[in-house]
Amino acid sequence: MFRFTTGEKADTYGAVLDAFGAAGENLETALGADAVRERLRTVGWLAAIEDGELHETLKRLVHWGLLDVVQNHAENYRTAEEYERRNVQYSLTRRGEAALAGVRHALDVLASTGALQTAVLEAIADRLDELALLAAETAPSADRRIFSTLRELEGHLEALVENTKAFNGELQRLLRAEGADAEVFREVKAATVAYLQEFLVNLDRRGRAVGEAVARVEERGMARLRERALRGAELPPVAGQDAGPAWLESRRARWAGLRAWFLPDDGARPRIEELHAIARRAIVSLLQVLERINEARRRSSSAVQDFRELARWFAAAPGEEDLHRLWATAFGLGSARHAHLAHEDPELVPSSLSWTEAPPVRVSALLRTSGKTERFTRTAKVRDVRAIRAERAARARQEREELARAWRDVATEGQVRLSSFGELAPAVFERLLDLLGRALSARPDTTGLRRATTGDGRVEIVLAPPPDDRAAVLRTAQGELRGPDYLVSVSAPGAWADGPTSRATDEPATAGREATG
């Protein structure tokens, strides 16, 4: 079928078939040799073609089954020469139409770059809503409108699929491309990132809207809509077969493709979401490429370029000795940090003396590794820290004593009401407040009690819910704290050296314990 696209005369064969395609667009189904020559000029073939070459071309296309020979018996011919010239006509066969359409489609694909168009998604949603409204109409004219709307919907879906495939392929090639002109590639990639970001705005919302529209149409019976669309299509009769079942099967397949994009049957991920993920990954990849390009532009040179240039020098070295000398020069270089060093007694070395004749200067190993020179000075006097240690020890003992007194004031013998603490010193209040916060943040156990300990585990608090609606008021020099009158039990074994002076259990607390069992 596509044999005409190869060989020395491929351009001639293609131009002749284009001429028949242009004639078909003007509803001319058959052309003679003279008409073919005229049509060749309209499709851009300006080279001269002899009659023998044109007839041989037409004969070859007939042999390949792309053209058909017909006799024009309806014409009146005045001479035998005119009969020979105008009687034989040619027309495209089905294979010829298919071959011409295939070549044109291939050229269109090569010329197109694809696009991500949110307007197509909105058009699909609009056509679906229109189908849902037409399903409620019963007039005969509604069948033709259902047919046209369904075909428009399929056209939008086909445009979405083809453009997305083409754009995705072009996008992947762009991600792999390494152009010679970094500036052009930088601009293209930056523009592509902006394009993708614009497409992703509200893409999820548009995809969900189309999926909901698909569900609304199916609620009204998609099979019934296809039957009505078949009546509205008014298909021409075909000898020996019914075109209706094939047409319905084609519509069913197109609808399945629409569901795969927006509302899959098997619960799989819709393709529109996969497109969203691909676009996001492409944005990240393009930004990384742009970062590398910008980084390369900021650097005047790179290690890669340096090693490539060094490799060229090695390749151009005339002999083995030169290779060794180049190696020693390139990889045996030392740091020049010692250039500022002077002789221990500079007056012994005149400034006019060549460095090749001057005595050597000691270079510290520390200078080569860290860039700093060694400085030898007097050892600092060791400080007497005994007073500091004694002061710190006294401060630590004082803090421990204050902490022990605070725990003694907070400790209880069994459960007491929170209100029994009354007025507290600020330090004791802070300790109690810390314990209450730890207990309230803990989960109650099966008995309803909340338990918590300090960070060192030496003090434990058990908090029970209040047995009544009484309020507790704790007073300090800084203010008052009001809250529920919880039942509190604080035990601090080992938190002080001397014996604790625990708070005695009051009567309401006892009543609370009886109330709580």
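The residues of the chain are indexed from 1 along the displayed sequence.
Taken to the nearest 0.5 Å, the CD atom of E212 stands 8.0 Å off from the CZ atom of R208. In this structure, L134 CG and S141 OG are separated by 9.5 Å, a value rounded to the nearest 0.5 Å. Separating the CZ atom in R226 from the CZ atom in R231 is a distance of 13.5 Å, to the nearest 0.5 Å. If you take CG on L323 and CZ on F314, they are separated by 6.5 Å, rounding to the nearest 0.5 Å. From H63, atom NE2 reaches atom CG of L58 across 14.5 Å, with rounding to the nearest 0.5 Å. One distance of note links CD1 of I146 with CG of L153; it measures 12.5 Å at 0.5 Å rounding.
Residues W261 and V161 form a side-chain contact, since some pair of their non-hydrogen atoms from C-beta on lies under 4.5 Å apart. Side-chain contact between E460 and L435: absent, with no pair of heavy atoms (C-beta onward) separated by less than 4.5 Å. Between R451 and I461 the shortest side-chain heavy-atom distance does not fall below 4.5 Å.
Residues P264 and A260 come closest through the heavy atom pair CG-O, 3.9 Å. Pairing each heavy atom of A317 with each of D322, the nearest pair is CB-CB, 4.3 Å. The shortest heavy-atom contact between A142 and R228 is CB-NH2, 3.4 Å. Taking each heavy atom of A233 and W247 in turn, the nearest pair found is CB-CZ2, 4.1 Å. Heavy-atom minimum distance, F147 versus A229: CB-O, 3.6 Å. The shortest heavy-atom contact between L92 and L100 is CD1-CD2, 4.3 Å.
Remark: side-chain polar atoms of R254 are not paired, donor with acceptor, to backbone N or O of E154 under 3.5 angstrom. When atom types are taken as modelled, the side chain of S441 and the backbone of R438 share a donor-acceptor pair closer than 3.5 angstrom. Although no hydrogens or angles enter the test, the distance criterion places no donor-acceptor pair under 3.5 Å between the side chain of R450 and the main chain of R443.
Surrounding CD of E309 are more than 12 heavy atoms belonging to other residues, nucleotides or ligands, all under 6.0 Å away. The environment of CZ in R269 is crowded: more than 12 heavy-atom neighbours from other residues, nucleotides or ligands sit within 6.0 Å.
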| message | As a quick check of understanding, evaluate side chain to side chain contact (heavy atoms under 4.5 Å, CB included) for L440 and Y486, giving each step before the final call. | response | CA-CA 11 Å; L440 290 174; Y486 285 97; 3.9 Å; yes

| request: Could you walk me through whether V217 and M222 pass the side chain to side chain contact (heavy atoms under 4.5 Å, CB included) test, one step at a time? | output: CA-CA 7 Å; V217 172; M222 192 58 209; 3.7 Å; yes

| said: Between E249 and R252, does the salt bridge (charged side-chain N to carboxylate O under 4.0 Å, His left out) criterion hold? Intermediate values first, please. | reply: CA-CA 5 Å; E249 183 61 28; R252 192 177 297 107; 2.5 Å; yes

| query | K59 and E56: salt bridge (charged side-chain N to carboxylate O under 4.0 Å, His left out), yes or no, with the steps? | reply | CA-CA 5 Å; K59 181 179 178 182; E56 183 62 27; 5.1 Å; no

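Between the side chains of E218 and W255, at least one donor N or O lies within less than 3.5 Å of an accepting N or O.
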Distance-only criterion, 3.5 Å: show the donor-acceptor pairs between side-chain atoms of residues 120-131 and protein atoms not counting sequence neighbours.
unit_1, atom_1, unit_2, atom_2, d
E122, OE2, R206, NE, 3.3
R127, NE, E130, OE1, 3.3
R127, NH2, E130, OE1, 3.4
D129, OD1, R216, NH2, 2.8
E130, OE2, T149, OG1, 3.4

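Residues forming a side chain to side chain contact (heavy atoms under 4.5 Å, CB included) with T93 (at least two apart in sequence, or on another chain): D68, R95.
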